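Have a look at the structure below before the remarks.
If you're wondering where the values come from, they're calculated on a predicted model, not measured in any experiment.
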Amino acid sequence: MRVSVIVPIYNAEAYIEKCAESLMMQTYGDIEYVFVDDASTDASIALLNDVVDRFEDRKNSVKVLRHDTNRGASVARFDGVREATGEWVIFVDSD
């Protein structure tokens, strides 16, 4: 992968569906998505999974990491970077 997109998520159910759809509809092909759930207590991850299921061609490019406790956006970004395989990294806020 040349580009890794890292998205920290914490209680973003109002925004995550639109965010994920926008990312999945990108035309660039050599990309991976690393979503980091920072212990959300809402339906954010269920909504994310619904979007990923609709984009079958992108499904293998998606990683979802989960924190057991909320550690904050900076830790979520750092964990995403550690998991990323791209030459380039970009951060996207879930909202």
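- Residues V89 and V81 come closest through the heavy atom pair CG1-CG2, 4.3 Å.
- F35 and L65 fall into different hydrophobic clusters, where Ile, Leu, Val, Met, Phe, Trp and Tyr are joined by side-chain heavy atoms under 4.5 Å apart, directly or via other members.
- Using a 4.5 Å cut-off on side-chain heavy atoms (C-beta onward), V92 and L23 make contact.
- Cluster annotation: I31 is connected to V64 through the hydrophobic network of ILVMFWY side chains, with a link wherever side-chain heavy atoms come within less than 4.5 Å.
- Closest non-hydrogen pair, E83 versus K63, comes out as O-NZ, 3.0 Å.
- Between R66 and D38, no side-chain nitrogen of the basic residue sits less than 4.0 Å from a carboxylate oxygen of the acidic one, so the salt-bridge criterion is not met.
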Please evaluate residues D95 and K18 with respect to the criterion salt bridge (Lys or Arg N to Asp or Glu O under 4.0 Å), reporting the C-alpha separation (whole Å), side-chain torsions for both, the decisive distance (0.1 Å), and the verdict. CA-CA 9 Å; D95 60 353; K18 186 174 181 179; over 6 Å; no
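- Heavy atoms only, all atoms of each residue included: C19 and S94 are closest at CB-O, 3.5 Å.
- Note that CZ of R77 is 5.0 Å distant from CG of D93, once rounded to the nearest 0.5 Å.
- Taking the side chain to side chain donor-acceptor pair (under 3.5 Å) definition, one finds that D68 meets it with nothing, sequence neighbours left out.
- Remark: side-chain polar atoms of D42 are paired, donor with acceptor, to backbone N or O of S44 under 3.5 angstrom.
- Clustering ILVMFWY residues whenever any of their side-chain heavy atoms sit less than 4.5 angstrom apart, transitively, puts V7 in a cluster other than the one holding F78.
- Annotation: the span from R54 atom CZ to E17 atom CD amounts to 5.0 Å, rounded to 0.5 Å.
- Note that OG1 of T85 is 12.5 Å distant from CZ of R2, once rounded to the nearest 0.5 Å.
- Counting heavy atoms from C-beta outward, V36 and H67 have side chains that approach closer than 4.5 Å.
- Looking at T41 and N11, their side chains come closer than 4.5 Å, going by heavy atoms from C-beta outward.
- To the nearest 0.5 angstrom, I90 atom CD1 is 11.0 Å from Y33 atom OH.
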What verdict does the side chain to side chain contact (heavy atoms under 4.5 Å, CB included) test give for E87 and V3, after you've listed the backbone C-alpha separation in whole Å, the side-chain angles of each residue and the deciding distance to 0.1 Å? CA-CA 6 Å; E87 180 180 352; V3 176; over 6 Å; no
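- E32 and S4 are linked by a side-chain donor-acceptor pair at a separation below 3.5 angstrom, with hydrogens and angles left out of the test.
- Contact check for I16 versus I9: side-chain heavy atoms found under the 4.5 Å cut-off.
- Looking only at distances, a side-chain donor or acceptor of R58 sits under 3.5 Å from a matching main-chain atom of M24.
- Rounding to the nearest 0.5 angstrom, the gap separating the CG atom in D57 from the CZ atom in F55 is 8.0 Å.
- When hydrophobic clusters are built by joining Ile, Leu, Val, Met, Phe, Trp and Tyr residues whose side-chain heavy atoms come closer than 4.5 Å, directly or via intermediates, V62 is grouped together with V51.
- Under the 4.5 Å side-chain heavy-atom criterion for grouping Ile, Leu, Val, Met, Phe, Trp and Tyr, I45 is not connected to Y10 through any hydrophobic cluster.
- Counting heavy-atom neighbours within 6.0 Å of F91 CZ, excluding the residue itself, gives a total above 12.
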